[in-house]
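Heads up: numbering here begins at 1 and tracks the sequence. Being a predicted model, the structure only gives us computed values, none of them experimental. We count ligands from 1, going down the list as the structure has it; atoms in each ligand are counted the same way.
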Amino acid sequence: MLKRVAALLFDFGGSQELRRARYKAMARQIPLMNFLIVSNILTLAYTHFGFVPKFLSVGFPAAVCLFLGYRTIFILRTNVDALDDTAIVQRLKTVVILSFGVTAAMAIWSYALFQYGFPFTQMHVVLFLCLTSIGAINCIMHIRQSSILISTVIVGSTIAFLVSSDVLVFNMIAVNMMVVTTAMLFTNFGYARDFANLVERGRVLREQSKRLKELNAENMRLANADSLTELPNRRRFFTELNALVEERATTDVPFAIGILDLDGFKPVNDVFGHTAGDELLAETADRLRALLPPDIILARLGGDEFGIIVPGFEADKAVSELGDEMCAALRVPFNVREGNARVSATIGFAVFPDAGQTAEMLFERADYALCFAKQHNKGSVVMFSEEHERSIREVSTIIHGLREADLEDELYVMFQPIIDITTGATISFEALGRWDSPTLGSIAPNIFIRSAEQEGIISKVTSILFAKALKAAAEWPEHIRLSFNLSVYDLCSMVSVQRLVSQISKSGIAFSRVTFEITETAIMQDFERANEALTMLRAMGIKIALDDFGTGFSSLSYVRRLPVDRLKIDRSFIAEIEESKAARDVLRTMVVLCKNLDLDCVVEGVETQSQLDIIKDTGGRLVQGYLYSKPVNRRDAKAFLELHRSEETAGAA
Ligand code: C2E
Ligand code: CA
Ligand code: CA
């Protein structure tokens, strides 16, 4: 029975948080409660001083007051947050025990005093019990057990008074007390229940918000990470970059950003399959992570492209050495499931604030440096420099000039003959575009053509140049053909292709006299569409030449699938032909290939007699180059034809 009572008394159910909250709420009330009890004890002792024994009027009150004072200080000095749940339960038990002990002591003390007094002082005793208990119950309402104990003790002592006193007033006051304490217990229980609910709801809410925060963090992680390599992704890269730009905006402390691009990754994907490609990318990330100091941010921007942020920039040299180390680490062959794969890496760096003051600008500059490296020295590191800045500025002046230009007036074509070396006869002229700007001077075609493409005015440029070329060709003998260079944008839409066709129709020149030259890199940009357009042009009798052959990616077998009639072997092969046997072998192979595929083959860029001799030796037939003629104007082209005709006739004679 005792055990069961103890279990009931010391069961502080609910959650840990609820117990803690109860203890805290109670601890806050304790000083007030003890003050109330002490002052009530002192006044009661005072009214009884002199006619009750000293231990009742001084000894007992002093002991209780000292004890309560000590408890108050003890509780005030406790840091509840530092207590664990077992400590709190222990404290609660102590509170329950003490509330019983103190109330019982006071009840006994009151009873003792009551015996000595006369009606007024007895009245004070009853009032003391009444007020003290009501005050205490109120203060300690968060600990239900204590409230019950206090009430029980008080009710018990009231019964004792009932029994010991025959004064009706006291009996009635006792009844009042019983009613009031019972009512108070009920309201306090109600209040305690609300309190518990509130705490519980708060706990659930906090838990939910914690879970929500965790979920959010996980979402953020997923949204900002690349799943294959577990590196930060493009979005995160730009977040970091923007933050750094903002941070450094006021101080101008430099930092570098880099873009790393793998060379030869696509063939790995094609040959070994996508799984191997993925493995290679993951391994790339691992190697770079192992190499880079922790303050450097490495991200996967997509595909085989990685971004690097170097917050602590010291000198160009240090960054480019770091880049070299990265390139070296990636040159080591990769063990993929199907075998050994080799790639290399090219990196472009740009440094804040010299290369750019915004994230976009910096990224563009790094990308420019990367493209520059890819064109000039694959597998190397390039820092964006003032020289690059200048050439970018040039391009933008050209774009601006092109927009302002009177194109009809300023564009014209030059002609370079293509010669059949077996007969020495000119078989055709290649038209080469020229732009003489009154403000910028004469601009090379590969530059203004690219700008016109960027500006979206290439179709206008093409049609002006083509019209002028056709006009010149109309003056030539029937058997002299015209070659004209096209940009990939000229093949982009059926409308532009049709415009070319109708220009030929209008000129009165036979379709079969026209050859369009297009580079393989241009075709590769949009193979499907280019293929479709070229097939259509060919069906009308127009010839197609694959220009700059050998500089791009297309393998020999690939050429077979393209709708072309002629290959033009790039100048770069001929430049080395005298010194390099390999170049001679390549040339010979290409010539043989063309024969096998029944394609015409034009060797470009022939400058010397000895080059010509070698070409003759490899079996080449058609050539073009400064040896015969530089590009000349329309009048000189006509003159060239006449001169050669007379040479031919002279030769024949
Ligand atoms: P391409 O089609 O390969 O043209 C041959 C280029 O090599 C021409 O340069 C020509 O002047 C130059 N060349 C010819 N023989 C020799 C030689 O023996 N030695 C050297 N060093 N160079 C030689 P150009 O006229 O500066 O044209 C450059 C490129 O611009 C052309 O390369 C072509 O791709 C493009 N292009 C020229 N005109 C047009 C055009 O009207 N439209 C389009 N879309 N592109 C054009
Ligand atoms: Ca050409
Ligand atoms: Ca060419």
Side-chain angles (χ1 to χ4, degrees), residues 398 402 407 410-419 421 428-436 442-455 457-473 481-492 496-497 499-500 503 514-523 525 530 533 543-552 564-578 590 600-612 615 622-634 636-637 640:
I398 286 168
L402 206 54
L407 294 177
E410 295 168 23
L411 290 175
Y412 62 99
V413 269
M414 298 284 266
F415 299 94
Q416 191 182 31
I418 297 174
I419 314 280
I421 51 177
S428 65
F429 279 106
E430 176 177 3
L432 294 159
R434 297 288 179 264
W435 176 31
D436 268 353
S442 107
I443 314 283
N446 23 26
I447 293 184
F448 77 79
I449 293 289
R450 201 169 344 120
S451 303
E453 286 173 348
Q454 278 170 20
E455 272 306 274
I457 54 170
I458 184 67
S459 61
K460 188 172 167 200
V461 168
T462 300
S463 76
I464 291 173
L465 289 173
F466 193 39
K468 292 191 177 185
L470 285 168
K471 211 164 160 194
R481 308 159 44 88
L482 170 71
S483 280
F484 187 82
N485 295 288
L486 289 184
S487 143
V488 68
Y489 291 86
D490 294 321
L491 300 177
C492 265
S496 41
V497 174
R499 191 182 306 122
L500 294 171
Q503 275 188 287
V514 176
T515 304
F516 283 132
E517 298 191 2
I518 179 123
T519 63
E520 52 173 343
T521 26
I523 294 182
Q525 274 178 39
K543 300 274 181 296
I544 307 294
L546 192 60
D547 209 349
D548 298 352
F549 184 72
T551 54
V564 298
D565 306 278
R566 168 183 288 180
L567 293 190
K568 295 189 77 177
I569 296 171
D570 193 67
R571 205 166 67 225
S572 55
F573 288 98
I574 313 316
E576 293 172 15
I577 208 167
E578 281 154 302
M590 288 202 266
D600 274 350
C601 172
V602 178
V603 182
E604 288 186 313
V606 183
E607 294 182 355
T608 65
Q609 185 60 45
S610 72
Q611 285 173 341
L612 186 69
I615 293 163
L622 303 177
V623 299
Q624 185 180 359
Y626 290 174
L627 177 65
Y628 286 95
S629 169
K630 288 202 168 179
V632 293
N633 65 23
R634 178 174 159 186
D636 291 346
F640 183 88

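For Lys630, no heavy-atom contact with ligand 1 is shorter than 4.0 Å. When heavy-atom distances to ligand 1 are checked against a 4.0 Å cut-off, Glu430 comes that close only through its side chain, counted from C-beta outward. Looking at Gln416 against ligand 1, only its side chain comes within 4.0 Å, counting heavy atoms.
In the vicinity of Gly625, heavy-atom distances shorter than 4.0 Å reach the ligand 1 atoms 15 (N), 18 (O). Close approach of ligand 1 to Leu432 (heavy-atom distance below 4.0 Å) involves ligand atoms 4 (O), 8 (C), 10 (C), 11 (O), 25 (O), 37 (C), 38 (N).
Between atom 22 (N) of ligand 1 and the options Arg571, Arg450, Met414, Glu453, the minimum heavy-atom separation is to Arg571. Comparing heavy-atom distances from atom 34 (O) of ligand 1 across Ile449, Leu627, Asp547, Leu465 singles out Asp547 as nearest. The heavy atom nearest to atom 29 (C) of ligand 1, considering only Ile518, Asn446, Thr519, Val413, is found in Asn446.
Distances shorter than 4.0 angstrom occur between a heavy atom of Arg434 and an atom of ligand 1. Using 4.0 Å as the threshold, Gly605 has a heavy atom nearer than that to some atom of ligand 1. For Glu607, the closest heavy-atom approach to ligand 1 falls below 4.0 Å.
Distances from the Ca ion (ligand 2) show that Asn485 has an N/O/S atom below 3.0 Å. Checking Asp570 against the Ca ion (ligand 3), every N/O/S atom stays at or beyond the 3.0 Å cut-off.
Considering CZ of Arg499 and OG of Ser463, their distance stands at 5.5 Å, rounded to 0.5 Å. Atoms CG and OG1, from Asp547 and Thr515 in turn, are 11.5 Å apart once rounded to the nearest 0.5 Å.
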For this session: Might you work through the side chain to side chain contact (heavy atoms under 4.5 Å, CB included) test for Phe466 and Leu500, ending with a clear yes or no?
Result: CA-CA 8 Å; Phe466 193 39; Leu500 294 171; 3.8 Å; yes

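Pro445 CB, 3.5 Å is the protein heavy atom nearest to atom 37 (C) of ligand 1. Summary of contacts: the protein heavy atom closest to atom 38 (N) of ligand 1 is Gly433 N, 2.9 Å. What sits closest to atom 11 (O) of ligand 1 on the protein, heavy atoms only, is Pro631 CG, 3.4 Å. Scanning all protein heavy atoms for the shortest distance to atom 16 (C) of ligand 1 gives Tyr626 CE2, 3.3 Å.
Every N/O-N/O distance between Asp490 and ligand 1 stays at or above 3.5 Å. Some N or O of Asp548 is nearer than 3.5 Å to an N or O of ligand 1, by distance alone.
Aromatic ring centroids of Phe484 and Phe429 lie 6.0 Å or more apart.
Of the possible donor and acceptor atoms, none in the side chain of Ser629 sits under 3.5 Å from a partner among the backbone N and O of Gly625.
Taking 4.0 Å as the cut-off between side-chain N and carboxylate O, Arg566 and Glu517 do not count as a salt-bridged pair. One finds a salt bridge joining Glu604 and Lys568 here, because a Lys/Arg side-chain nitrogen approaches an Asp/Glu carboxylate oxygen to under 4.0 Å.
For Asp547, the N, O or S atom closest to the Ca ion (ligand 3) goes by the atom name OD1. Atom OD1 is the N/O/S atom of Asp548 found closest to the Ca ion (ligand 3).
When each of Asn485, Ile458, Ile443, Thr462 is checked for a side chain to side chain contact (heavy atoms under 4.5 Å, CB included) with Ile449, only Ile458 meets the rule.
If you put the vertex on the Ca ion (ligand 2), OE2 of Glu430 and OE1 of Glu517 sit 90° apart, to the nearest 10°.
Contact check for Val623 versus Ile418: no side-chain heavy atoms found under the 4.5 Å cut-off.
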